[in-house]
Amino acid sequence: MRLVYICVLDLRNMFSFDLIIFIFPCVLIRRIFYWRHWFSMGEAPAFCFENLQNGFGLKPKGLETSADVGDKTFVIGGADNDSTSYIGVKIYDKSTGKWVIPTVLGTKPKACKGHSAILLNEDRIMIIIRGSTPDDCIWFLEVDTKYVKEQRKILGTEVVAWSRGVRGDAEKPVVISGPSGVGKGTLINMLMKEFPSMFGFSVSHTTRAPRANEKSGVHYHFTDRSVMEKDIKDGKFLEFASVHGNLYGTSIEAVEAVADSGKRCILDIDVQGARSVRASSLDAIFIFICPPTMRELEERLRARGTETEEQILKRLRNAEAEIEQGKSSGIFDHILYNDNLEECYENLKELLGLNGSAPTNHKPSPKGIDLPLNHSVSKIDNKILINCETLELEKVSKNLIALDVSSLKGGAPGRTRGLNVYALDSFSDGLNEKLS
Ligand SMILES: Nc1nc2c(ncn2[C@@H]2O[C@H](COP(=O)(O)OP(=O)(O)O)[C@@H](O)[C@H]2O)c(=O)[nH]1
Ligand SMILES: Nc1ncnc2c1ncn2[C@@H]1O[C@H](COP(=O)(O)OP(=O)(O)O)[C@@H](O)[C@H]1O
């Protein structure tokens, strides 16, 4: 941090003794300031930033940007503690005078050639990354959103959370829960087969062993418990739960990759997972599938022939509690009984607005934003203006891109959606819109 001495004294009229009296405390204060950093962070403060609360600027590598929210200054840039490959975040708490390294949730943006930062609504900082690909240039660092506040309470540490900015909107994901053997997988397969371009399956991670017909990466990502636990700690999961003695979880990427491809995401998760998703920033439809009777459920589980006797008994024991919670917890928007399979499937389609015929116009996958290396950023109300300069055939061409951030949706630890992008002629033309 650069300590700026604002000296309003007229030095020409000062006696040399006065000068010493003034300079000595300044030097002392400056030294104490640095020593305090060394003590609180265990290292010399090897960074430098400017307060960009109201201004913007591209930072060369090694420099950082900052934004003040209440008593905290969020310093963004350089490398984080454990790796040099991602943009790091540090917090200076003005009330205690201490530096804090927060728990960082969500997928982090890769280290870059520089970035601009702008504070939005006192709860998130928008980062525009220089020299990045069109899909990867807008990021959001949530510093005081509902999600961050909740995580701060759960983890008992300072928390920030990243999400990647995405143009346009995504269709609401569909969360399907129900006891083992009720027919969730069967119904989902029917949906995916009839509407292959419309739905995509969120491939969960699990520590359970694969069944004979299951492929890793298709049915599940089969993984070791230690690896999965580390990934959970690193904030890579939207939700996770221990089910029938194994760990299951939905990674953020599993859901977002489906949405990025322009498809509607289907999640097959248990009731605990559904509860976590309900509490997250993911706006989804929640459907619980019930068996007609416990006896029928048992018969289906046995007929499937994928579990041992011991596992079947465990699943049946858990089913009673799951059905009770599914019906009474208030998590689910709809409850479907899977007695006759065809009837249940028709009811499911009706809930999803697919009454019989296959709609052909699914949403195209969102486009990125092509930003040249050289650009400057400013903000007017809910519009972020990016002034771009490109050199073509020795001629400098300038154009202006506006990002409308008035209707952002979703957010960390997934994607921040609802970014609207416009290309504009110039400031003086009254922001003439060329394309959207
Ligand atoms: N919370 C959570 N539950 C999951 C996830 N993936 C699967 N499950 C649930 O884990 C339970 C067991 O799944 P599985 O082992 O495939 O057995 P099956 O339901 O009998 O086919 C089911 O209730 C699934 O819905 C996940 O990512 N998160
Ligand atoms: N309505 C139904 N009537 C009879 N059998 C069914 C019905 N729905 C599913 N099944 C069968 O029950 C078994 C369990 O279904 P599955 O989709 O694997 O359940 P889940 O994914 O909920 O564990 C499968 O063998 C499936 O063919």
Side-chain angles (χ1 to χ4, degrees), residues 173-193 201-223 228 231-232 236-255 258 265-280 282 284 286-308 311-323 325-326 329 331-332 336-348:
V174 183
V175 172
I176 296 189
S177 291
S180 182
V182 74
K184 302 177 298 295
T186 308
L187 289 162
I188 291 169
N189 283 342
M190 289 165 86
L191 211 51
M192 305 262 295
K193 205 168 164 198
F201 186 61
S202 155
V203 181
S204 294
H205 283 65
T206 183
T207 59
R208 91 149 156 75
R211 293 172 186 153
N213 63 334
E214 287 179 332
K215 285 199 192 94
S216 195
V218 177
H219 299 92
Y220 281 105
H221 297 287
F222 296 99
T223 177
M228 193 163 164
D231 286 348
I232 290 169
K236 291 189 182 161
F237 280 80
L238 182 66
E239 63 78 31
F240 61 92
S242 176
V243 192
H244 316 315
N246 289 301
L247 202 52
Y248 292 81
T250 309
S251 73
I252 294 159
E253 279 314 304
V255 175
V258 175
C265 185
I266 305 183
L267 292 84
D268 173 347
I269 59 176
D270 87 315
V271 178
Q272 307 166 73
R275 183 178 284 114
S276 305
V277 175
R278 202 28 133 189
S280 80
L282 195 75
F286 294 78
I287 300 171
F288 190 78
I289 315 282
C290 262
T293 60
M294 286 302 288
R295 196 193 179 95
E296 172 70 21
L297 185 70
E298 183 169 352
E299 276 171 21
R300 286 184 198 171
L301 262 181
R302 291 192 186 287
R304 190 171 72 181
T306 48
E307 270 74 31
T308 62
Q311 285 165 342
I312 289 174
L313 293 177
K314 192 179 225 176
R315 279 160 190 259
L316 287 172
R317 271 198 308 275
N318 292 341
E320 304 212 6
E322 284 172 307
I323 293 169
Q325 284 187 45
S329 59
I331 298 170
F332 295 94
L336 287 180
Y337 282 84
N338 182 17
D339 190 352
N340 177 292
L341 183 61
E342 285 307 323
E343 264 175 38
C344 185
Y345 181 56
E346 286 307 313
N347 291 337
L348 176 62

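Read the numbers this way: they start at 1 and go in the same order the structure lists the ligands and their atoms. Note that the coordinates shown come from a computational prediction; the quantities given were computed from them, not determined experimentally. Numbering of residues begins at 1 and proceeds along the displayed sequence.
Distances shorter than 4.0 angstrom do not occur between any heavy atom of His219 and any atom of ligand 1. The shell of residues lying under 4.0 angstrom from ligand 1, judged by heavy atoms, excludes Gly185. In this structure, Arg211 is part of the shell of residues with a heavy atom less than 4.0 angstrom from ligand 1.
Between Tyr220 and ligand 1, an N or O atom pair is found at a separation short of 3.5 Å. By the 3.5 Å distance cut-off applied to N or O atoms, Arg208 is counted among the residues near ligand 1. Note: no N/O pair closer than 3.5 Å links Glu307 and ligand 1 by distance alone. Residue Gln272 has no nitrogen or oxygen atom sitting less than 3.5 Å from a nitrogen or oxygen atom of ligand 1, judged on distance alone. On a distance-only criterion, Ile176 and ligand 1 share no N/O pair closer than 3.5 Å. Where the criterion is an N or O separation shorter than 3.5 Å, residue side chain and backbone included, Arg315 meets it with respect to ligand 1.
Taking each of Asn318, Val182, Asp268, Thr206 in turn, the one with a heavy atom nearest to atom 24 (C) of ligand 1 proves to be Asp268.
In summary, the atoms of ligand 1 found under 4.0 Å from a heavy atom of Ser204, numbered by their order in the structure, are 5 (C), 6 (N), 26 (C), 27 (O). The Ala241 neighbourhood of ligand 1 comprises atoms 1 (N), with distances under 4.0 Å to a heavy atom of that residue. With ligand atoms numbered from 1 in the order given, ligand 1 contributes 10 (O), 11 (C) to contacts under 4.0 Å with heavy atoms of Val243.
Residues satisfying the salt bridge (charged side-chain N to carboxylate O under 4.0 Å, His left out) criterion with Glu343, sequence neighbours excluded, are absent altogether.
At distances below 3.5 Å, at least one donor-acceptor pair connects side-chain atoms of Asn338 with backbone N or O atoms of Val182. Judged by distance alone, the side chain of Gln311 and the main-chain N or O of Thr308 form a donor-acceptor pair under 3.5 Å.
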For residues 237-249, which side-chain donor-acceptor pairs fall under 3.5 Å, sequence neighbours excluded?
residue	atom	partner	partner atom	Å
Glu239	OE2	Thr250	N	3.2
Glu239	OE2	Thr250	OG1	2.5
His244	ND1	Asn318	ND2	2.8
Tyr248	OH	Arg208	NE	3.4

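Between Phe286 and Phe332, the two ring planes are perpendicular [angle over 60°; tilted spans 30° to 60°].
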Next item on the list: Begin from the C-alpha positions of Leu341 and Leu187 and carry the test side chain to side chain contact (heavy atoms under 4.5 Å, CB included) through to its verdict.
Entry: CA-CA 8 Å; Leu341 183 61; Leu187 289 162; 3.9 Å; yes
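Among residue pairs with one or both ends in residues 176-190, those qualifying as side-chain hydrogen bond (donor to acceptor under 3.5 Å, both in side chains) are Ser180-Arg315; sequence neighbours excluded.
Annotation: atom 19 (O) of ligand 1 to nearest protein heavy atom, Lys184 NZ, 3.5 Å.
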Give one line per pair: atom of ligand 2, protein atom, distance. Only N/O to N/O under 3.5 Å.
residue	atom	partner	partner atom	Å
ligand 2	1 (N)	Arg300	NH2	3.4
ligand 2	1 (N)	Asn338	OD1	2.9
ligand 2	1 (N)	Asp339	O	2.9
ligand 2	1 (N)	Leu341	N	3.4
ligand 2	3 (N)	Arg300	NH2	3.4
ligand 2	8 (N)	Asn338	ND2	3.1
ligand 2	17 (O)	Gly185	N	3.3
ligand 2	17 (O)	Thr186	N	2.8
ligand 2	17 (O)	Thr186	OG1	2.5
ligand 2	18 (O)	Arg304	NH1	2.8
ligand 2	19 (O)	Gly183	N	3.1
ligand 2	21 (O)	Gly185	N	2.9
ligand 2	22 (O)	Val182	N	3.3
ligand 2	22 (O)	Gly183	N	3.0
ligand 2	22 (O)	Lys184	N	2.9
ligand 2	22 (O)	Lys184	NZ	2.8
ligand 2	23 (O)	Gly181	N	2.8
ligand 2	23 (O)	Arg304	NH1	2.9

